[in-house]
Amino acid sequence: MKTDLFGQKGSRTKSLNRKLLGIFILFGLVLLGLLWIMQSVLLEKYYEHSMEKKCRNGVSTISSAFTEDKDLGYEEFCELLGSVSAENDLYVYVESDNGLFSLSSTEVSKSGRVVPESKRIFADAKSMLASSFSNEVSFTVPGQKGEKMVVFARQIDLDGEYLYLYALAFLSPMGPAVNIIRSQLILVTFIVLALGVIIAFITSRHLSAPLAKMSQDAKRLGKGDFDVHFTGADYDEINELAETLNEAASQLKVTDSLRKDLMANVSHDLRTPLTMIKSYAEMIRDLSGDDKNKREEHLGVIIEETDRLSDLVNEILLLSKVQSGSEEFERKVFDIQKAAEEIVQTYRIMESEGYSISFETLQEEVLVTGDESKIKQVMSNLISNAVKYSEERKEIRVFFTDEGDYVRFSVEDKGIGIAEDQLDRIWNRYQRASQRGTREKDGSGLGLSISSEILKRSDAEYGVDSRLGEGSCFWFRMKKERNGETVKRKQS
Ligand code: ADP
C-alpha cells in the first residue's frame, strides 16, 4: 500500500489530510487566477475608467458653478478652472461663442506634454455630442509616443447659448507596471502554494490527531472495554462527537451489565425448572414407571415446570419485541371496565385459596383507545403481583376512579409492600425489590417492565404508591374516548 505526503496509507476513500491539502491548493489557485485576471487583463480598463471619472468630476464642478452662479466673474472663473485642473491633474477647456479658454494643472504642464491636435479632438467631441442623445461623451484618443488620452466633453445650455466643457487626461502606459505585477504574482503564487501546504498540514494534523485517537478508543470499545473515555479537542464538533461516544459507551456499559444480569437471571430461572423436569423424568424412569398414581403426579410436575419455562421464554420475547418497537399495537376503542372485569374473573379462582378480590367500576361505561389485549395483560400482571405479594391479609381491591378526561385503574393489596428506595427500580427488567419475601416468590422480574413498556406505548400514565409491610397500590390512567360520549350503564 502506498503512503502519501503525510504518511497516511492510501485507500479508496480520501484521507482528511489529502482532502484539506486539495482544498487549500484549489483555493490558492482560484485566488491567484482571479488576481491574474484582475491585474493583467482588467488593470488597464480600471485605470481608464478611473481617469474618465476624474475628468467627469472636474467637468461637473465647473458646470455646476456655471449653472448655479450666473454672475461668475472672470477672475473667479480662472481661479475655478485652475483649481479643478490642479486638483485632478487635468487639462480643462471651456469653449463658448467668445472662443476657447483653457487651463492645465501645473503638474500636467510641467510634464512637458502637449495635447496634440486639440482643435480636431474638440471638433470630434462636438460632432459626437450633436449626434448623441446625451449631453456628455467620453472617448480615448492616441497621444504622443504611444500614450493614450481620455477625453470627456459636456455641453451646457445657458439660456439658448451653448457652452462646451472639455477635460483631458493622459493615460500613462500600463505595460511596464503590468510586467512588474506579473513577475510579483509568480512569486506570490509560489508563496501562497507553500503557505497552503503548510496550513493544510498543520490544520489536518490538528483535526486528524484527535480523530485518530478517538478511532483507537472506539476500537477498544468495540473489543468490550466500556471504561474507555473519549477526549475531544479544540473544536466543538469533535467535542460533541467525543461526548456522544462517551454517552454511547456508558449506555453500552449499562446494556452489557443488564445482559450479564439477564444471563445470570435467565440461566438461574431456566435451570430450576429444567433440573426439576430432569429429576422427575428420571424418577418416572427409575421408580414410578409402573405406579400409575405416582407417575401421573410426577408427570404433572413436569408439565407445570414446562409451562413455567414457556411463560418465561414468552415474557422475554415479548419484552424485547415491545422495546424494539417490532410488536404491533392496535388502536381500537374499547370498554376498559369490561376488559378489567374479564381479567378479574380469571382470578376469582384464587378465592378458594383465601383471597378476597373486590371489583368496583364507575356508574357509566368508559371507553378508551388502545390495544385491548395488551392493556388486559397489564391488568393481569398487576393483579397477579398483588396475589403473589400478599401474605396474611389476602385482600385485593381492583377499582376505577373518574378523573375528568381520564380514567384511573388501580390494584390495591395489603401485602408486603415496597421500600421507598426500591420504588423506581421495580419497573426495570430483572429488577426485583430486594426485601424479604420477594426472593422466595416465583417471578422473572419482567412483568412490570413489560407493563411499563405497554403503558408508555399506549400513552398512559402509571405509577405505584406503596409502604413497606402495609401494601401497595399499582395504577395507570388513560384518556377517555369522547367520541362515543359516556353512555349510562344499565343498572342490572
Ligand atoms: P416479578 O416476576 O418478580 O414479580 P415484576 O416485574 O412483576 O417481576 O415485579 C418486579 C418487582 O416489583 C417484584 O420482584 C417485587 O419486588 C416488586 N413488586 C411488584 N408488585 C408488587 C406488589 N404488589 N407488592 C410488593 N412488591 C411488588
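Everything numeric in this text was worked out from a predicted model, so none of it was measured. Remember, it's 1-based here, ligands and their atoms both numbered in the order they're listed.
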Engineer: Does ligand 1 have a heavy atom under 4.0 Å from the side chain of Asp413, from its backbone, from both, or from neither?
Structural biologist: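 For Asp413, only side-chain atoms sit under 4.0 Å from ligand 1.
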Engineer: Check each heavy atom of Lys388 against ligand 1 and say whether those closer than 4.0 Å belong to the side chain, the backbone, both or neither.
Structural biologist: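 Under 4.0 Å from ligand 1, Lys388 contributes side-chain atoms alone.
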Engineer: Answer yes or no: is there an ion pair linking Glu341 with Lys338, defined by an N-O contact shorter than 4.0 Å?
Structural biologist: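 Salt bridge between Glu341 and Lys338, a charged N being under 4.0 Å from a carboxylate O: no.
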Engineer: Heavy atom to atom 19 (C) of ligand 1, shortest distance: which of Leu382, Asn381, Asn385 holds it?
Structural biologist: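 The nearest heavy atom belongs to Asn385.
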Engineer: Which atoms of ligand 1 sit under 4.0 Å from any heavy atom of Leu446?
Structural biologist: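 Listed by number with element, the hits are 6 (O), 8 (O).
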Engineer: I'd like to know if Asp311 pairs up with Arg308 as an ion pair, taking the criterion as any Lys NZ or Arg NE/NH1/NH2 lying under 4.0 Å from an Asp or Glu carboxylate oxygen.
Structural biologist: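 Salt bridge flag = no for Arg308 with Asp311.
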Engineer: In plain terms, say whether Lys332 and Glu372 are close enough for a salt bridge, that is, a side-chain N and a carboxylate O under 4.0 Å apart.
Structural biologist: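 Judged by the 4.0 Å cut-off on N to carboxylate O distance, Lys332 and Glu372 do not form a salt bridge.
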Engineer: With a 4.5 Å cut-off on side-chain heavy atoms, are Lys54 and Phe152 touching?
Structural biologist: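 Counting from C-beta outward, Phe152 and Lys54 never come under 4.5 Å.
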Engineer: Under 3.5 Å between some N or O of ligand 1 and some N or O of Leu448?
Structural biologist: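 It does: an N or O of Leu448 is found under 3.5 Å from an N or O of ligand 1.
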Engineer: Below a 4.0 angstrom heavy-atom separation, can you tell me which part of Ile418, side chain or backbone, both or neither, approaches ligand 1?
Structural biologist: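 Only the side chain of Ile418 comes within reach of ligand 1.
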Engineer: Suppose I only count heavy atoms of Ile426 and a 4.0 Å limit; which atoms of ligand 1 are within that range?
Structural biologist: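 Atoms satisfying the 4.0 Å criterion: 10 (C), 11 (C), 12 (O), 17 (C).
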Engineer: Which class fits the ring pair Phe474 and Trp427: parallel under 30°, tilted 30 to 60°, perpendicular over 60°?
Structural biologist: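 Ring orientation, 0 to 90° scale: perpendicular.
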Engineer: Would you please determine whether Gly415 falls within less than 4.0 Å of ligand 1 on a heavy-atom basis?
Structural biologist: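 Under 4.0 Å: no for Gly415.
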Engineer: Taking NZ, NE, NH1 and NH2 as the nitrogens, is one of them in Arg457 or Glu453 under 4.0 Å from a carboxylate oxygen of the other?
Structural biologist: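 No, this pair does not count.
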Engineer: Report yes or no: does Phe474 have a heavy atom closer than 4.0 Å to ligand 1?
Structural biologist: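 Yes, Phe474 has a heavy atom closer than 4.0 Å to ligand 1.
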Engineer: Near Gly417, which atoms of ligand 1 are under 4.0 Å from a heavy atom of that residue?
Structural biologist: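 Close to Gly417: 25 (C).
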Engineer: With Glu403, which of Lys480, Lys479, Arg477 fulfils side-chain hydrogen bond (donor to acceptor under 3.5 Å, both in side chains)?
Structural biologist: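 Testing Glu403 for a side-chain hydrogen bond (donor to acceptor under 3.5 Å, both in side chains) against Lys480, Lys479, Arg477 leaves exactly one candidate, Arg477.
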